[in-house]
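Notes to accompany the following structure.
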Amino acid sequence: MSEVLLDVQGLKKYFPTKRGLLHAVDDVTFTIEKGKTLGVVGESGCGKSTTGRAILRLLEPTGGSVLFEGEDVAKLNPSQLRHKRKEMQIIFQDPFSSLNPRKTVSQTIEEPLQLHHVIEDKTERMQKVLEVMETVGLAERYVNTYPHELDGGRRQRIGIARALALDPKFIVCDEPVSALDVSIQAQILNLMNDIQESHGLTYMFITHDLSVVNHFSDDIAVMYLGKLIEKAPSEVLFSNPVHPYTQALLSAIPIPKVGGPKKERILLKGEITSPINPKPVCRFANRCAYATDRCRSEEPQLKEIETGHFVSCFLTD
Amino acid sequence: MSEKKYAVEIEDLVVEFKTDDGIVKALNGVDLKIEEGKTLGLVGETGAGKTTTGLSILRLVPSPPGKIVSGTIKLNGESIFEKPEEEMRKLRGKAVSMIFQDPMTSLNPVMTVEEQIAEVIELHEDINHSGAIQKAKEMLELVGIPGERGTEYPHQFSGGMKQRVVIAIALACSPSLLIADEPTTALDVTIQAQVLEMMKDLRNRLNTSMLMITHDLGIVAEICDTVSVIYGGRVIEHGSLDDVFNNTRHPYTEGLFRSLPNLDDRTSKLKPIKGLMPDPINLPEGCTFYPRCDYAMEICKTVKPSKVYRNDEHYVECHLYDENSVKEGGKIGK
């Protein structure tokens with residue numbers, strides 16, 4: 001039995017707004033095994049980034065627990081948390097706004113090492129910076145360049161290098177390739193794959209791009225309006241999606257192939273329900289073709305329908 | 001068979017931008033044709049010249065710093081470069097209109113959406129204000145938004161709805177040519193599917209010709225009739241969907257396909273194109289793709305490749321081929 005690195009139980013994050021509480025992440029439960037990648041997919045506003053941030057406590061969770069190697073991150077005091085952050089890092093979506101424009105490449109990568117007092121000696125620290133730069137494929141000559149001098153792909157490599165500098169065990173990758181062109185995107189995805197293998201990393205890979213997530217992840221979790229609605233190993237999710245939303249989402253991927261059988265596209269109707277003060281019913285019900293009265297009066301719970309395949313839908317009853 | 005009619009014909013278009021760092025060669029001889037009622041996909045990466053091509057058709061390349069150096073653009077057979085600005089203004093929004101990439105920034109935040117749609121209609125058609133508003137509401141219904149929501153402001157709509165409003169504005173005067181610049185890039189996939197479906201439907205009903213600017217080959221496969229692949233400001237491969245997707249000839253086009261994750265085989269490793277796009281200020285002398293090309297030869301460094309035709313439509317600009325080998329597929333086909 002493989003070891004569970006991250007065990008998220010009933011994670012909640014609510015934001016107060018003028019009109020009420022916005023349930024960004026609502027009672028989300030999942031685990032990630034060591035050395036594996038969990039892909040988290042969903043559309044904008046479904047709470048996937050908030051989930052990633054709440055796990056790292058970059059946002060304070062409203063409720064629930066986040067067990068990292070058995071220790072509840074949600075209960076750590078600030079100094080313990082800072083210590084823990086060495087092991088849990090994040091790569092951000094936008095390589096243009098997530099880097100300090102006034103810091104050179106080496107300063108950016110060096111900063112976490114300084115902050116966490118990992119390497120106090122300056123020459124040794126530079127050694128580590130160069131080592132990480134090599135890992136991510138940044139040539140040494142870029143050491144003193146500023147982000148604005150570099151293209152998106154190289155900037156994203158800096159973001160990855162910064163996350164790797166502390167030798168973390170777990171990295172939340174928040175849409176790390178969405179801002180990049182396809183040819184560059186493939187370079188970065190391959191790099192992240194290689195690093196995972198060589199460093200034994202565990203990833204939580206947040207994206208809206210379903211073909212990328214399929215390629216990259218061992219398991220995939222689908223979120224809809226703050227709820228985790230389906231989770232399964234990648235090949236199971238793609239071959240046998242059970243939740244009507246997952247089915248619609250997968251059918252909507254445009255396939256870059258001409259000829260061959262056309263797949264049936266499921267077009268969703270209706271607008272997304274408001275995540276502010278949601279009623280305890282199925283949040284997908286008013287866009288769902290199979291919705292019944294029960295879906296509009298009761299909230300489905302996540303259930304394991306076969307080993308490793310979780311779905312939250314009354315259709316499985 | 002009658003002579004083919006083209007909604008737009010671009011020949012050897014060269015566009016430059018003057019900057020402090022030097023002259024940016026955005027387009028270096030673009031050729032492009034769209035048959036009436038058909039959809040052409042213009043595919044390429046950031047900085048390849050996709051949007052500049054679209055803007056050139058509307059004569060909206062910002063000048064200065066931009067300058068159309070040479071070439072011709074014909075709309076429905078008429079050259080647009082000789083036209084006075086006033087006449088151009090009458091064409092924009094009426095004969096040709098454009099959907100911009102980002103629905104969040106291409107709408108006026110302090111005008112209701114029906115006013116924004118009516119503005120275009122009033123400008124081009126002999127109609128009073130209330131008539132224009134009435135037509136604006138019909139346009140909203142056409143793109144699947146209830147007409148009574150016309151009195152709302154852009155911030156009250158979701159991203160997908162805003163993009164529908166932008167499409168409604170573009171279609172308000174039934175243009176014969178629609179330029180869609182990454183119309184769904186800012187949208188979620190399920191919304192993207194809805195918008196694409198709607199565009200297909202409208203195109204079929206109104207017989208609009210369309211230039212679909214995108215970087216997503218999946219969208220091209222879905223909606224286009226022909227494809228032009230643009231790199232370094234030149235169309236390096238052009239053909240029907242089947243030509244380009246199933247008889248790929250250019251190493252760059254091949255590279256684009258290999259960079260995409262394959263949904264059927266998730267274990268296959270991605271094969272990215274090595275290196276980066278060339279700096280448009282300092283383009284390679286010969287083939288612009290040679291520094292990144294796995295098949296590069298001596299000749300590629302110095303001599304620009306010219307078009308080699310595989311059939312009437314499908315051509316490629318690459319030294320790997322001559323008239324015979326292009327039919328068999330050469331190195332790439334294997």
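To find a chain, count down the sequence lines: A is the first, B the second, and so on, and within it residues start at 1.
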Q. Any idea which of B/Ile223, B/Leu217, B/Asn262, B/Thr46 has the most non-hydrogen atom pairs under 4.5 angstrom with chain A?
A.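 That would be B/Thr46.
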
Q | Which of B/Lys269, B/Lys274, B/His215 touches chain A most, by non-hydrogen pairs under 4.5 Å | A |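 Max contact count across the listed options: B/Lys269.
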
When heavy-atom pairs shorter than 4.5 Å are enumerated against chain B, which of [options] gives the highest number?
options: A/Ser251, A/Gly153, A/Ser44, A/Gly152; answer: A/Ser44
options: A/Ser239, A/Ser217, A/Gly42; answer: A/Ser217
options: A/Asn193, A/Asp151, A/Ile266; answer: A/Asp151

Portion of [X] that has a non-hydrogen atom of chain A nearer than 4.5 angstrom:
X: B/Met277; answer: neither
X: B/Glu197; answer: side chain
X: B/Leu256; answer: side chain
X: B/Ile273; answer: both
X: B/Val189; answer: both

Q | Residue pair A/Arg265 / B/Gln194, side-chain heavy-atom distance below 4.5 Å | A |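 No, side chains not in contact.
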
For [X], does the [atom1] atom sit with more than 12 other heavy atoms under 6.0 Å from it, leaving out its own atoms?
X: B/Asn204; atom1: CG; answer: yes
X: B/Lys137; atom1: NZ; answer: yes
X: B/Lys271; atom1: NZ; answer: yes
X: A/Phe15; atom1: CZ; answer: yes
X: A/Glu134; atom1: CD; answer: no

Q.
Donor-acceptor check, side chain of B/Glu45 to backbone of A/Ser183, threshold 3.5 angstrom: yes or no?
A.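 Answer holds: yes.
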
Q.
Please evaluate residues A/Gln185 and B/Leu260 with respect to the criterion side-chain contact (heavy atoms from CB on, under 4.5 Å), reporting the C-alpha separation (whole Å), side-chain torsions for both, the decisive distance (0.1 Å), and the verdict.
A. CA-CA 9 Å; A/Gln185 178 176 313; B/Leu260 296 174; 6.0 Å; no

Q: Using the side-chain contact (heavy atoms from CB on, under 4.5 Å) rule, take B/Leu270 and A/His215 through it: C-alpha gap first, then chi angles, then the decisive distance, then the call.
A: CA-CA 9 Å; B/Leu270 304 178; A/His215 174 80; 3.5 Å; yes

Chain B heavy atoms under 4.5 Å from [X]: which part of the residue, side chain, backbone, both or neither?
X: A/Ser178; value: neither
X: A/Leu267; value: side chain
X: A/Leu249; value: both

Q) Got a second to check how far B/Glu222's CD is from A/Ile253's CD1, nearest 0.5 Å? A)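 Output value for this atom pair is 11.5 Å.
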
Q) To the nearest 0.5 Å, what is the distance between CG (A/Leu150) and CG (B/Leu276)? A)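 Interatomic distance, A/Leu150 CG to B/Leu276 CG, rounded to 0.5 Å: 10.0 Å.
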
(Q) Could you report the tightest heavy-atom contact between B/Ser259 and A/Val182, atom names first, then the distance? (A)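 Residues B/Ser259 and A/Val182, closest heavy atoms: CB-O, 3.7 Å.
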
Q.
Show the nearest heavy-atom pair for residues B/Pro272 and A/Asn190, with the distance to one decimal.
A.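 Shortest heavy-atom contact: CD-ND2, 3.2 Å.
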
